[in-house]
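Have a look at the structure below, then the notes.
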Amino acid sequence: MRENLPKNYDPKEFEDRLYGFWNDNGYFTPEIDENKKPYTIMMPPPNVTGSLHMGHALNNTIQDILIRWKRMEGYSALWLPGTDHASISTEAKVVEKIKSEGRSKDELGREGFLKEAWEWTDLYGGTIKNQLKKLGVSCDWTRDRFTLDEMLSNAVEEVFVRLYDKGLIYRGDRIINWCPSCHTAISDAEVDHEDSHGHLWHVNYPVKDSDETITIATTRPETILGDLAVAVHPEDERYTHLVGKTVVLPLVGREIPVIADNYVEMEFGTGALKITPSHDPNDFEVGARHGLGQCVVIDEDGYINENGGEFKGLERFAARKAIAEKLNEEGLLKEVKDHDNAVGHCERCKTVIEPIISKQWFVKMEPLAKPSLEAYYKGEINFVPERFGKVYVHWLENIKDWCISRQLWWGHRLPVYYCDDCGEIIVSREDVNSCSKCKSTNIRQETDTLDTWFSSALWPFSTLGWPEDTEDLKYFFPTDVLVTGYDIIFFWVIRMIFSSLEQMGELPFKDVFLTGLVRDSEGRKMSKSLGNGIDPLEIIDEYGSDALRFTLITGNTPGNDMRFIIDRVEANRNFANKLWNATRFVLMNLEENMEKPTLEGMDLQVEDKWILTRLHTIIGEIKDNMDKYEIGLAGQRIYDFIWEDYCDWYIEMVKSRLYGDDKESAKTAQNVLVVVLKETLKLLHPFMPFITEEIWQHLPGSSEALIVESWPAADTDLVFQKEKEDIEFIKTAIKGIRNARAEMNIIPSRKSKLIFVLENDSLKPIIEDSKVKFMALASAEEIVFEVDKRNLGDDNISVVLDGCEVYLPLSDLIDFDKEIERLQKEKSKLEDEIKRVKSKLSNEGFVSKAPAKIVEEEKEKQIKYSQMLENVLERLESLKR
RNA sequence: GGGCGGUUAGUUCAGCUGGUAGAACGCUACGUUGACAUCGUAGAGGUCGUUGGUUCGAGUCCAAUAUCGCCCACCA
């Protein structure tokens, strides 16, 4: 059954195969088991027609690590995947597609367009899911959801109706952000403000029946056409006498009042502000306060309408230019200044947003925001890293009503019906055919659809079957952690929280793990327009999924942006290769008949106890790291353990036993090698699932699948303090000897005799016990002990250690000047150390105030280093003679 | 105008509740020892942006400041 591992690490050979193996065996699908604790993560649904980018790769890797870890810890772990219909984004793609075929939305009509959209979805909907599989995501595909699924659409309707009935959804004429290109309203969150260089036009408005003029300042002269007042600050003495008077609107001739309002900043511009209630959110407010009414001059396409007189039909920016010119001609343009300000752009298409008055549907936010803030203040929401809590609070404290209606077709149509006879508005879960008030059948459904985030806000529970009281919902809700990018806190995280508090009465998750952005190697945001995006699939193809995953989660911290450096992927691929080859080594040295590796009845040697101690130490440390979401640190610890402790030291130390005559000792080593390797594979599995599973299945005594093995627990019976210290000493000695030999340019093939001169007997058994290790790892040919170093000649290299000196007689090879130089270096190192320790210990404050333990350690160091220095000095003296 | 983050070895980044600065890559020298050259051994490289403060002791806490970047924001 056990076959050999192929000679080369080739992730392509097994990654897809293992994904299929896991998925086909149902390992991703958790059982609803009351004896187990649930652990739930909802995958942030990518756009249904999107494709995988590094951001997805990062946060899905994190989720996969968490879910695999918890699954191994024995939880019933559900990771629910799905996709988002992404209304505006998908609709734009479909519009573009039909446009390229010479057709338009209007031609197709609603039904026809939706048919196209579904075809598009069917065509591209599977793409990102298949790409995610390449990454190794162990999510439950049997519970795959789509925001337009019937089940989720029911949830959307239910929430809409409930909120409406509670008065939390209302319809109204408000000033909203209009995208003239996407031809829909969008919410505040969907507007990107970009600083742009513009101008500040100072325009004279003549005061009626007077020679006076009042000069206003505006960045948007085209909106003059819609002005309904000029406002000044109530306390602005320059204008007090004009308040209440009337001015004549240039170009238009309309007579409008001068009003006083606190909103006006006296210092800005001229201190006089034109008021255009229909095309500026602030002016809208001012206008409402003063009962100015409305005057719409820009239409939904961004063109001046019939209210614009001679400018009718001009595009808004052309109108700006034309109007500025006309004002200039008429001598009303006092001056034009350069002026930078933030201009709102459509997040999706980058078109400049036009604030317009429009009848739209809104969610009243204040009552929903309040509980969300309270939950946070009570400490019930844990942001990782914590600082994002402030972002959350700031947004909620300044929240405005949420415009949820979109003039789009791809999405959830509002469950709203209008009676054309009596004007009744009916909001209903079921289709409405007749008016509940006048019984008329002259009924039509609202044509608008909902903001795509309205449905994703319900994701944590709509995916589990809510509003039905399903078994899934009862068992898996609330979820445990949300993993997503900090850029969608406003769009999504907050909305899920208030939606869940409102509908479910509890938080949708306890922890919010926020990832940073993956940038290119120069720190730029990856973007299509720059063409600097790195395709995760290409990386996987070249280096393997495990290498990519490991790269994404190490060497960075949550919430901080990271640069994608290809060299790091290569390094991690090399790490996988290292593990692969270490396994091959273990396998080729196993007895054919080994069935189940065990520590039972084994006569553990000192290095066996050392590696077990190291293993069980990191098991504990990794648990701590994982509990704190320090997954990068956890990964780093396993990496170091495998490469340094296991490969560089343990395997090397154990080789002589494997090849030696002592069969029992060899057998013990074999068992420890496999036992430790298998525990290590478990620890590494969440991070590098493919290679670990592949190796696992090749090892003796393995269960059928590592993915469902249980997570290692730290075992104090396998922590051996004495043996650990002994091996640490041996390592230091070997390193010291190697160092000395390298500095003296002694080639490794030239073996040397090691003469140990001990300060006392305590080290003797330890050294004797490790004779073989010195032979192998320090190129020794013989080990002897000498009591009196005066018996040794000068033709030695001397390595000074804590508690002993090691002499290497290599008379013919020794360049004494070099040896003196080397010892001088040792000397100054030790002197520096002693100086540091002494100054610390002579500091009255340190000795009296620092913890006794720290002081004691420093004292011990002083003695140790002094002794070592003495030995070095002695040695130097004898060489100089 | 507010808020936040970065500033640590040539490069990319770690560094938890303060106690002699770490990794990877790169670089230098050596190495065909029976897993691995996608490797091994050894080495060089840092006044932890600057200035103050708290402390016996600060990369680590506090305050200023410089610089880069991000987010929010109704001075038109």
Side-chain angles (χ1 to χ4, degrees), chain A residues 5 7-9 193 200 216-220 223 231 263-276 280-286 339 341-342 385 387-388 390-391 394-395 398 486-487 489-490 516-517 521 523 543 551 554-557 559-568 570-589 624-625 628 630 632-633 636 639-640 647-648 651-652 655 658-659 735 738-743 745-749 776-777 779 832-833 836-837 840 843-851 853-855 857-858 861:
Chain A
L5 224 44
K7 191 162 167 36
N8 294 312
Y9 165 62
H193 290 276
L200 197 55
I216 58 88
T218 181
T219 53
R220 301 194 57 197
T223 61
Y263 164 68
V264 181
E265 296 280 336
M266 288 192 274
E267 291 74 29
F268 189 86
T270 61
L273 170 65
K274 64 190 237 18
I275 301 296
T276 320
D280 182 282
N282 305 306
D283 292 9
F284 180 83
E285 300 290 333
V286 176
H339 178 71
N341 68 335
R387 64 173 184 276
F388 287 103
K390 285 189 183 177
V391 178
H394 183 260
W395 172 264
N398 295 283
Y486 61 70
D487 51 335
I489 293 176
F490 307 132
L517 262 47
S521 61
Y543 298 96
T551 303
T554 51
N556 63 72
T557 32
N560 282 357
D561 293 356
M562 65 175 294
R563 295 186 194 207
F564 192 85
I565 311 284
I566 194 70
D567 285 357
R568 292 192 53 236
E570 196 174 320
N572 291 136
R573 189 271 321 263
N574 293 351
F575 168 60
N577 181 63
K578 183 80 182 173
L579 174 62
W580 185 266
N581 282 294
T583 307
R584 281 183 56 229
F585 171 82
V586 171
L587 285 174
M588 66 179 62
N589 286 289
D624 282 350
N625 288 142
K628 288 191 271 183
E630 294 168 350
L633 291 179
Q636 191 63 48
Y639 180 103
D640 291 342
C647 293
D648 290 349
I651 286 185
E652 294 305 327
K655 275 181 179 171
L658 296 172
Y659 304 140
K735 279 193 216 167
R738 281 171 174 172
N739 178 346
R741 292 173 54 103
E743 298 252 311
N745 293 329
I746 295 163
I747 52 169
S749 57
L777 303 183
S779 293
D832 286 351
E833 262 327 287
R836 191 191 59 79
V837 175
K840 258 193 147 169
N843 182 338
E844 180 55 32
F846 176 73
V847 179
S848 59
K849 291 184 181 172
K853 194 185 156 213
I854 303 282
V855 178
E857 277 171 15
E858 291 297 322
K861 279 181 204 164

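These figures come from a predicted structure and were not determined experimentally. First the proteins, then the strands, lettered A, B, ... as listed; each starts at 1. As a basis for the values below, the full set of heavy atoms in this structure was taken, side chains included, without hydrogen atoms, waters or symmetry mates.
- Between A/Y659 and B/G34, a base-stacking contact is recorded: ring centres under 5.5 Å apart, planes less than 30° from parallel.
- Judged by Watson-Crick or G-U wobble contacts below 3.5 Å, the nucleotide B/C61 has B/G53 as its partner.
- A/E857 comes within contact range of no nucleotide atom at all, as no heavy-atom separation falls under 4.0 Å.
- The side chain of A/R563 approaches B/U12 more closely than any other nucleotide in the set B/U12, B/G40, B/C25.
- Using a 4.0 Å heavy-atom distance criterion, A/K861 is classed as a base contact.
- Among the protein residues, A/T276 comes within range of no part of the nucleic acid, since none of its heavy atoms lies under 4.0 Å from any strand.
- Contact check, A/K628 against B/U17: no side-chain N or O comes under 4.0 Å of OP1 or OP2.
- Nearest-nucleotide assignment on RNA chain B puts the 5′-proximal partner with A/K390, out of A/N745 and A/K390.
- A/R573 contributes a side-chain N or O that forms a donor-acceptor pair with the base of B/U38 under 3.5 Å.
- Across all strands shown, A/G516 has no heavy atoms under 4.0 Å from either base or sugar-phosphate atoms.
- At a threshold of 4.0 angstrom between heavy atoms, the contacts of A/K655 include nucleobase atoms, whether or not backbone atoms are also involved.
- Between the side chains of A/D561 and A/Y486, at least one donor-acceptor pair of N or O atoms lies under 3.5 Å.
- Side-chain N/O atoms of A/R836 include none lying less than 4.0 angstrom from OP1 or OP2 on B/U20.
- Note on A/L273: a base of the nucleic acid sits closer than 4.0 angstrom, heavy atoms only.
- When heavy atoms are screened at a 4.0 angstrom cut-off, A/G269 is found touching no nucleic acid atom at all.
- Within the structure, every side-chain polar atom (N or O) of A/N739 is placed at least 4.0 Å from both OP1 and OP2 of B/U41.
- When heavy atoms are screened at a 4.0 angstrom cut-off, A/F490 is found touching the sugar-phosphate backbone but no base atom.
- Atoms CG (A/D561) and P (B/C4) sit 18 Å apart, rounded to a whole Å.
- B/G1 atom P lies 18 Å from atom NE2 of A/H193, rounded to whole Å.
- Atom-to-atom, CD of A/Q636 to C1' of B/C16 comes out at 15 Å; the value is rounded to the nearest Å.
- Distance from the side chain of A/I565 is smallest to B/U12 among B/U12, B/A35, B/A76.
- The side chain of A/R568 contributes no N or O atom lying less than 4.0 Å from OP1 or OP2 of B/U12.
- Residue A/R387 has no polar side-chain atom (N or O) positioned under 4.0 Å from OP1 or OP2 of B/G5.
- In this structure, A/K578 fails the cation-pi test against A/Y639, since its NZ or CZ atom is not both closer than 6.0 Å to the six-membered ring centre and inside 45 degrees of the ring normal.
- Here the side chain of A/K840 is nearest to one of B/G19, B/C25, B/C13, namely B/G19.
- Side-chain atoms of A/H394 lie closest to B/C72 of the nucleotides B/A14, B/C72, B/C39.
- Remark on RNA chain B: of its neighbouring residues A/M588 and A/K849, the 5'-side contact belongs to A/M588, judged by nearest-heavy-atom nucleotide.
- Using cut-offs of 30° and 60° on the angle between ring planes, the pair A/H339 and A/F268 is perpendicular.
- For B/C39, one of the phosphate oxygens OP1 or OP2 lies less than 4.0 angstrom from a side-chain nitrogen or oxygen of A/N574.
- Here A/I489 lies out of heavy-atom contact (under 4.0 Å) with every strand.
- For A/R738 and B/C30, the CZ to P distance is 19 Å, given to the nearest whole Å.
- Partner assigned to B/G43 is B/C27, using Watson-Crick or G-U wobble distances below 3.5 angstrom.
- B/G18 is unpaired under the criterion used here, namely a Watson-Crick or G-U wobble arrangement in which both key atom distances are under 3.5 Å.
- Nucleotide B/G59 is shown with an anti base, its glycosidic torsion being more than 90° from 0.
- Comparing B/C36, B/G43, B/A76 by their nearest atom to the side chain of A/E743 picks out B/G43.
- Regarding contacts with the backbone of B/A76, a side-chain N or O of A/H339 is found under 4.0 angstrom from either OP1 or OP2.
- Contact annotation: A/T557 side-chain N/O to B/A14 OP1/OP2 distance is under 4.0 Å.
- Here A/V847 lies out of heavy-atom contact (under 4.0 Å) with every strand.
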